[in-house]
Amino acid sequence: MKFILSLLTLTISCAISALEPVDLEPVDLEPVSIIYMIGDGMGPAYTSAYRYYIDNPNTEVIEQTIFDELLVGMASTYPRDNTLVTDSAAAATALATGYKTNNGIVGLGPDLTPLLTLLERAKELGYNTGLVVTSQVNHATPASFIAHIDSRNKYNEIADQYLDHRIASRLKIDLMLGGGLMYFQRKDRNLLAEFDELGYQIITDYRKLVSLKTLPVIGLFAPKGMQHAIDSDDKIRLATMTNKALSLLDEKPFFLLVEGSQIDWCGHSNDIACAMAEVHDFAEALKVAKQYVEQHPNTLLVATADHSTGGLSLGSNGKYLWQASIVREIHASAKSLTKTLLASPNTWQNIWLRETKISLSPKSQEDFQTAIDAWDAILKTEGKNNLIEKKVSAIQQIVIKLINQHSHTGWTSNGHTADDVQIFSMGRSRELFFGSMDNTDIAKKIFTILE
Ligand SMILES: [Zn+2]
């Protein structure tokens, strides 16, 4: 594959680095390892919410979080087209290559020219490369670092490219942890068998994570995305996988992408408790990375978001109040809570109270019961299986609305928004990321380190 624009990238990178102030610190000539973290959908309202959510209510002070500690700048996220609101493919392509593209496109310019990615550049330099996500490993964000395709929805083709596209006849990726088994073990092609033949250690059981001892490795732990953090046995599965990845990659310089993939998914559902659990997992992964950088100073850690999701606001409907304490008490996603409630149609009020600690007004209880009865009546007459899904999703909407009302959490959308996102950094060359920039600048600056 020709990377027509790669030379241009390097030229721009050189021009940028020529303008930088001279670094008076002793120069370490060893190649710099890079930990690049993306909180999908994690706009600034999410990290503010997390500060109040994680706060110890028994102390007067609201303690700072890892995000407060590492904050260095802000980035705009608009895509190449004129929508201003990016999707994850265009945003991740910008963050991976330094070039804007249109929504939906992965690793290609708007004219479908392939763009060199940071991960590919790292591999050209002989680095170890890894990606750790909680979505399928071939979802838009990770895909934009490895694949080059006109649509993020071509999941099978993206998975094929992970194996078929090589750099100097070597595979691009040495470590992949996340979900996506159904795309790698298909009727028409068993990519896992092919990876196995090439010497990869492959696991599909999350509990076997500890058994991974040397690169190259692949761990795919779900058919598509992994379970939400809030519903998982390991509530910090991203942090656990990041820790494992760092221990395997660090035998030589490495490039590791870590994505908190499902902050965005909970945001699309407007499910605040689900989102906070995902941000918590991302924060714990960030702490793992921070600890690694403290022990290995020749490492750059950069974290950001690709965009914000849902138009989250802390406070709603004119009320001067956000009830973090209510969100803190909820330990299941709205979907899983809905299924638990519907499994006990006669005692759902008790279960609701036990699971949310929110006491509902008689009117809310009556409305909830009426909605369940109405769906049961429809199911009785129509009796179709696909309506059960619809019932769950309709009742889930009521559950979400009640939690948002009581916690005074506002949302403006089920999609993305164009707010700027934060940049967090520490370690080697962190000063490159100070201040306001565009999302493409983040990639361009990291390219200057991969020279
Ligand atoms: Zn999204």
Side-chain angles (χ1 to χ4, degrees), residues 36-47 49-50 75-81 83-96 100-107 131-145 147 149 151-155 158 178-180 183 222 224-231 238 257-279 281-282 303-313 333-335 393 396-397 400 404 409-422 439 442:
Y36 199 5
M37 300 183 61
I38 300 174
D40 199 308
M42 193 184 70
Y46 286 75
T47 52
Y50 179 67
S76 48
T77 67
Y78 62 93
R80 169 67 193 271
D81 56 43
T83 57
L84 296 185
V85 179
T86 190
D87 83 325
S88 286
T93 298
L95 290 170
K100 289 197 184 290
T101 193
N102 296 340
N103 282 341
I105 296 180
V106 168
L131 64 89
V132 174
V133 301
T134 59
S135 61
Q136 47 272 50
V137 295
N138 50 341
H139 203 254
T141 305
S144 300
F145 284 79
I149 197 155
S151 167
R152 59 183 288 176
N153 299 320
K154 295 182 176 171
Y155 283 110
I158 291 171
Y183 306 106
K224 291 162 119 182
M226 294 173 72
Q227 270 195 317
H228 289 315
I230 201 168
D231 298 329
L238 188 72
L257 172 73
V258 177
E259 187 200 26
S261 319
Q262 300 191 22
I263 301 166
D264 174 68
W265 296 1
C266 304
H268 279 283
S269 304
N270 293 176
D271 184 343
I272 185 65
C274 177
M276 287 301 99
E278 294 297 337
V279 176
D281 192 4
F282 190 73
T304 188
D306 50 353
H307 52 76
S308 192
T309 302
L312 170 63
S313 65
S333 67
K335 185 165 196 178
S393 120
Q396 185 187 335
Q397 289 313 310
I400 286 169
N404 286 330
T409 305
W411 301 90
T412 63
S413 175
N414 285 107
H416 299 172
T417 57
D419 319 32
D420 287 359
V421 294
Q422 299 156 103
N439 58 3
I442 301 176

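Everything quoted here is computed from the prediction, not taken from an experiment. Each ligand, and each atom within it, is numbered from 1 in the order the structure gives.
A side-chain donor-acceptor contact under 3.5 Å links H268 to the backbone of N414. No donor-acceptor distance shorter than 3.5 angstrom exists from the side chain of W411 to the backbone of G310, with no hydrogens or angles considered.
For the Zn ion (ligand 1), the nearby protein N/O/S atoms, meaning those under 2.8 Å, are D264 OD1, D264 OD2, H268 NE2, H416 NE2.
With respect to the salt-bridge test (charged N to carboxylate O, under 4.0 angstrom), the residues K100 and D81 do not qualify.
Contacts of T417 classified as side-chain contact (heavy atoms from CB on, under 4.5 Å), with partners at least two apart in sequence or in another chain: S308, T412, D419.
For F145 and Y36, the ring centers are positioned less than 6.0 Å apart. Between W265 and H139, the ring center distance clears the sub-6.0 Å criterion.
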